[in-house]
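The sequence lines fix the lettering, A, B, ..., with proteins before strands; numbering per chain opens at 1. Because the structure is predicted, anything quoted here is derived from the model rather than measured. Side chains are part of it too, since the values below use all heavy atoms of this structure and drop only hydrogens, waters and symmetry mates.
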Amino acid sequence: MRSETRGAAAAGLGGWKRDCWAGELRAADAGREVTLMGWVSRRREHGGVSFIDLRDRSGLVQVVLSGELAAWGAGLSPESVVAVRGRVALRPEGMANPELPTGEVEVAASDLRLLNRAKTPPIYTRDLAPRQHGAGGEKGSASAGERDAEGETGEAMRLRYRYLDLRRPRMQANLALRHRMVKAVRDYLDARGFWEVETPFLTRSTPEGARDYLVPARNAPGKFYALPQSPQIFKQLLMVAGVERYFQVVRCFRDEDLRADRQPEFTQIDIEMSFVEPADVVRLTEGLMAHIWREVLGVDLQTPFPRLDFAEAVASYGTDKPDLRFGMRIADLTAALEGCGFRVFGEAARRGEVVRGLAVPGGAAVFSRKDLDLLTREVQKFGAKGLVWAAFEPSGVRSPVSKFLTGEEVDTLRRLVGAGEGDLGLYVAAPPDTAAAALGHLRLHAAERLGLRDTAEWCFVWVVNYPLFEPDEETGGLGAKHHPFTAPFEEDLGLLETAPLKVRAKAYDLVLNGWELGGGSVRNHSREVQERVFEALGLAREEYLEKFGFLLEALEYGAPPHGGIALGVDRIAALLAGEESIREVIAFPKTTRAACLLSGAPSDVGTDQLAELGLRTRDRTFEPV
RNA sequence: GGAGGCGUGGUGUAGUCUGGCCUAACAUAUCUGACUGUCGAUCAGAAGAUCGCGGGUUCGAAUCCCGUCGCCUCCGCCA
């Protein structure tokens, strides 16, 4: 029996039914008659016989076309969609391919149906090894046996043809991993009595926080919905509603500038529980992480995770999301060097600055003068004026500032950062925040350079004891460090009006290998305390009543003590997958300018559409592409 | 809002610093032909690029200058 579709560019299934996955065939399947459907991954013609690697989601298997089918199959373009009927057979003696899970077998085709001929793909649909720079021939250096690996297609091109990019095994693996991860989350929380409840996407804009994405309201011209930056208020209302244990895998929207770990729309695991203290949420989250790592990677995590005070994190690591896979702690040398001959250091305290430094193990030999100049430019990005380095070598110290310092002071430089022979000391004198940021960054930079950041270690840490408020440089007043619904420590309540910056928050951030995975807090369940927090933030009474009146009102109708956490799905997935950008674990991500290269969003809309919404554009800065 | 990197056949790169040996090189993909055991097939051949776009300097620009667009990284921002 032969299909009638030979020669046509596309056909329907014609009653054929797929009955197994290409990538799952093994020697034990030999003799089976199978019907496979998938894509032509690769084709090898040998005149009388042709091979095609038939790929579906599960992997690929070699299909042998001989006789009449061989000639016809030779014309199948890569990425064309085909259905194959045939018999699974053990490969002839010596022909097995040990590199392939299906390498012991092949499918001898008896019939083939072209379901859709594919144009030549504009990008590669297979994984490529990074290419050695420079084509081999030019310098004549590549040996004959070496092949040049191709470079990976540029990301812009991959995003433009994302549906082809996602066919690559690496991307399919990422999608599968993310699915398994989210599944593990739902299983874990379901087993502990959590209900997944949906909350509105069309909601109201609230002040503070990030810029909102706005949606014009047709029925109320001139008014707007906002897309949620998080379901924060609604999940608190669910606690008032007696849901007690809520979670949601939910999209959030923030109109801010993007980074490798930030997209304008991102997904959170949003959790809220009633009748809990921080320790309860922390314990639940640790269990959740352990469950994810076990289910997805088969790795057993050590719980509980270590805790680190916010102040200690910033002082020792220069950030509130420290990468603890390596040491290189930051030390303070301000007092020890006060009055020393190098004035930048000696007079730092008088200027209200601090002198801090760290030791890079083995760095004396690794970092050249050029590297050190580069590091100097790095710290300058954070506002530090310069960088002082000292290479502690067997023959003595080598440093541009050693001539200003006594031997004892040089020894202080070495001793306080904990540098040994062969280590490199790096020092910055600057205001405390600047010094922390600069050295924190330097620490990561140096670790990257030494290869300390790509180890497959999972260093979770809770950062706790945050202040409730931080100075807001724009307004000169206070801003919420976490968010304005976070509860203060009870024993600090009296400080709300007198010394607000000293008030500690019942908040906690979860950090993994330098990535902030998420954060949460116990919330204010008393209207009185919540209003005092708003007041401390400098919000006018009319304003917070207008924006948050409905929440305050809800707190008066029997709101239980409650708290929760929000965890970044994209970041967790990226870390699990070993990817450096969350774009690699998002099916259709946006560029750093928040554009979708595949669909062309954002785009123009018609004037009639605008008129219906009561909108008029002021001027046309952007022309349609 | 700011800083830096990148943009060259379909794709990935070299060439740009130091303008003319560039009539733009290499790899891969594509097309044609050969081949019954390949699996990154191989062999032979072919086609394919006004060097992101717009100006300018110059006898001459991929290369220098100005502007602009796009992608990436970072600072600010992201409660």
Side-chain angles (χ1 to χ4, degrees), chain A residues 41-53 60-67 70 74 77-78 91-100 102-103 106 119-139 142 147-161 164 206-211 229-230 232 252 254-264 266 377-378 380-383 437-438 441 445 468-470 472-474 478-486 505 507 516 519 521 537 580-581 583 591-593 595 597 622-623 625:
Chain A
S41 191
R42 224 187 207 76
R43 201 185 52 208
R44 295 172 292 278
E45 306 151 44
H46 291 266
V49 64
S50 296
F51 303 95
I52 58 178
D53 288 336
L60 54 82
V61 69
Q62 171 165 286
V63 172
V64 187
L65 304 174
S66 48
S77 60
R91 293 198 185 182
E93 188 70 28
M95 298 297 165
N97 182 352
E99 315 237 307
L100 233 48
T102 61
E106 59 191 10
K119 286 167 63 176
T120 301
I123 64 171
Y124 293 104
T125 53
R126 49 185 225 248
D127 292 327
L128 298 163
R131 184 196 213 207
Q132 215 107 56
H133 129 67
E138 241 162 321
K139 282 151 193 136
R147 286 169 185 273
D148 292 318
E150 304 95 334
E152 181 165 283
T153 306
E155 193 170 357
M157 206 34 99
R158 291 174 54 206
L159 294 179
R160 168 72 183 80
Y161 293 98
L164 296 177
T206 52
E208 301 212 61
R211 210 173 283 125
Q229 295 176 29
S230 84
Q232 182 59 38
C252 303
R254 292 178 192 175
D255 187 5
E256 294 294 343
D257 288 343
L258 308 177
R259 292 282 195 285
D261 62 350
R262 271 161 37 186
Q263 283 275 299
F266 59 98
R377 236 181 303 153
E378 281 296 313
Q380 283 168 344
K381 281 202 288 199
F382 295 83
H441 204 77
H445 202 87
L468 189 62
F469 304 111
E470 63 186 347
D472 184 329
E473 285 176 17
E474 261 176 61
L478 295 179
K481 179 88 193 163
H482 193 62
H483 61 54
F485 315 111
T486 302
E516 184 195 335
S521 62
L537 285 166
E580 290 186 355
S581 163
R583 291 188 299 271
T591 67
T592 51
R593 299 257 333 251
L597 298 182
F622 299 102
E623 290 298 323
V625 184

| query | Nearest of C71(B), G12(B), G37(B) to any side-chain atom of H46(A)? | reply | G37(B)
| Expressed in whole Å, how much space separates the C1' atoms belonging to U13(B) and U8(B)? | 9 Å
| Which base, if any, makes a Watson-Crick or G-U wobble pair with U58(B), both distances under 3.5 Å? | none
| note | The side-chain hydrogen bond (donor to acceptor under 3.5 Å, both in side chains) partners of S521(A) (sequence neighbours excluded) come to T486(A), R523(A)
| task | Please measure how far the C1' atom in A47(B) lies from the corresponding atom in A29(B), and state the result in whole Å. | result | 13 Å
| task | Using heavy atoms to find the nearest nucleotide of RNA chain B for R43(A) and M157(A) separately, return the residue whose nucleotide is more 5′. | result | M157(A)
| query | Distance-only, no hydrogens or angles: does the Q263(A) side chain make a donor-acceptor pair with backbone N or O of L258(A) under 3.5 Å? | reply | no
| note | Nearest-nucleotide check on RNA chain B, Q232(A) vs G94(A); residue mapping nearer the 5' end is G94(A)
| field | U32(B) to G48(B) separation - C1' atoms, rounded to the nearest Å | value | 14 Å
| said: Tell me the interatomic distance from D127(A), atom CG, to U28(B), atom C1', rounded to whole angstroms. | reply: 16 Å
| Are F51(A) and H46(A) close enough that some pair of their side-chain heavy atoms sits under 4.5 Å apart? | yes
| task | Write down the distance between CG (L597(A)) and C1' (C69(B)), rounded to a whole number of angstrom. | result | 13 Å
| said: If you count every heavy atom of other residues, nucleotides or ligands that lies below 6.0 Å from E580(A) atom CD, does the total exceed 12? | reply: no
| message | Please determine whether a side-chain nitrogen of the Lys or Arg among E155(A) and R583(A) lies less than 4.0 Å from a carboxylate oxygen of the Asp or Glu. | response | yes
| side chain to side chain contact (heavy atoms under 4.5 Å, CB included) partners of P92(A), counting only residues at least two apart | M95(A), E106(A)
| task | Could you list the residues that satisfy side-chain hydrogen bond (donor to acceptor under 3.5 Å, both in side chains) with E516(A), not counting sequence neighbours? | result | none
| message | Taking U28(B) as the reference, what is the distance to U18(B) when you measure between their C1' atoms (whole Å, please)? | response | 32 Å
| query | Which part of the nucleic acid, if any, lies within contact of P122(A), taking any heavy atom under 4.0 Å across all strands shown: a base, the sugar-phosphate backbone alone, or nothing? | reply | sugar-phosphate
| remark: Answer for the Watson-Crick or wobble partner of A25(B), both distances under 3.5 Å, is U13(B)
| field | Euclidean distance for P, G70(B) against C53(B) (whole angstrom) | value | 15 Å
| note | Taken to the nearest whole Å, CD/E99(A) to P/U38(B) is 14 Å
| note | In whole angstroms, the gap separating P of U13(B) from CD1 of I123(A) amounts to 14 Å
| C1' spacing across the pair U42(B) / U36(B), given as an integer number of angstrom | 14 Å
| message | With a 3.5 Å limit on both atom pairs, tell me what C77(B) is paired to, counting Watson-Crick and G-U wobble, or say none. | response | none
| message | Using a heavy-atom cut-off of 4.0 Å across all strands, would you classify P78(A) as base, sugar-phosphate, or nothing? | response | sugar-phosphate
| said: A side-chain contact here means heavy atoms from C-beta on lying under 4.5 Å apart; do R44(A) and Q62(A) qualify? | reply: yes
| request: Could you check whether S50(A) gets within reach of a base, just the sugar-phosphate, or nothing at all, counting any heavy atom under 4.0 Å? | output: nothing
| Considering Watson-Crick and G-U wobble pairs with both distances under 3.5 Å, what does C6(B) pair with? | G70(B)
| Sequence neighbours excluded, which residues qualify as side chain to side chain contact (heavy atoms under 4.5 Å, CB included) partners of F382(A)? | A437(A), A438(A), H441(A)
| query | Rounding to a whole Å, what distance do you find between L100(A):CG and C39(B):P? | reply | 12 Å
| said: Taking the P atom in each of C64(B) and U16(B), what is the distance between them to the nearest angstrom? | reply: 9 Å
| field | Options U38(B), U30(B), G40(B), nucleotide nearest the side-chain atoms of R91(A) | value | U38(B)
Are any protein N/O atoms closer than 3.5 Å to N/O atoms in nucleotides 72-78 of chain B? If there are, list each pair with its distance.
| unit_1 | atom_1 | unit_2 | atom_2 | d |
| --- | --- | --- | --- | --- |
| C72(B) | OP2 | T592(A) | N | 2.7 |
| C72(B) | OP2 | T592(A) | OG1 | 2.5 |
| C72(B) | O3' | R583(A) | NH2 | 3.0 |
| U73(B) | OP1 | R583(A) | NH1 | 3.2 |
| U73(B) | OP1 | R583(A) | NH2 | 2.7 |
| U73(B) | OP2 | R583(A) | NH1 | 3.4 |
| C74(B) | OP2 | A260(A) | N | 3.4 |
| C74(B) | O2' | K381(A) | NZ | 3.2 |
| C75(B) | OP2 | R259(A) | NE | 3.0 |
| C75(B) | OP2 | R259(A) | NH2 | 3.4 |
| G76(B) | N7 | R259(A) | NH2 | 2.9 |
| G76(B) | O6 | R259(A) | NH1 | 2.9 |
| G76(B) | O6 | R259(A) | NH2 | 3.4 |
| G76(B) | N1 | D257(A) | OD2 | 2.7 |
| G76(B) | N2 | D257(A) | OD2 | 3.1 |
| C77(B) | O2' | E256(A) | OE1 | 2.6 |
| C77(B) | O2 | R262(A) | NH2 | 3.1 |
| C77(B) | N3 | R262(A) | NH1 | 3.2 |
| C77(B) | N3 | R262(A) | NH2 | 2.8 |
| C77(B) | N4 | R259(A) | NH2 | 3.3 |
| C77(B) | N4 | R262(A) | NH1 | 3.2 |
| C78(B) | O2 | R262(A) | NE | 3.3 |
| C78(B) | O2 | R262(A) | NH1 | 3.0 |
| C78(B) | N3 | R262(A) | NH1 | 3.1 |

| Side-chain-base donor-acceptor pair under 3.5 Å for E45(A) and U38(B) | no
| said: Could you tell me how far G19(B) sits from U73(B) if I compare only their C1' atoms? Round to whole Å. | reply: 31 Å
| said: Does Q263(A) reach a base, just sugar-phosphate, or nothing at all? Heavy atoms under 4.0 Å. | reply: nothing
| task | Round to the nearest Å and state the distance from E152(A) atom CD to A29(B) atom C1'. | result | 16 Å
| query | Rounded to the nearest Å, what distance is computed from the CG atom of residue L60(A) to the P atom of nucleotide U38(B)? | reply | 18 Å
| What pairs with L597(A) under side chain to side chain contact (heavy atoms under 4.5 Å, CB included), at least two apart in sequence or on another chain? | A156(A), L159(A), T591(A)
| task | Would you mind telling me which of U38(B), U36(B), U11(B) lies closest to the side-chain atoms of V49(A)? | result | U36(B)
| query | Watson-Crick or G-U wobble partner for A46(B), using a 3.5 Å limit on both distances? | reply | U30(B)
| task | In whole angstrom, give the distance that lies between atom CG of L65(A) and atom C1' of C39(B). | result | 14 Å
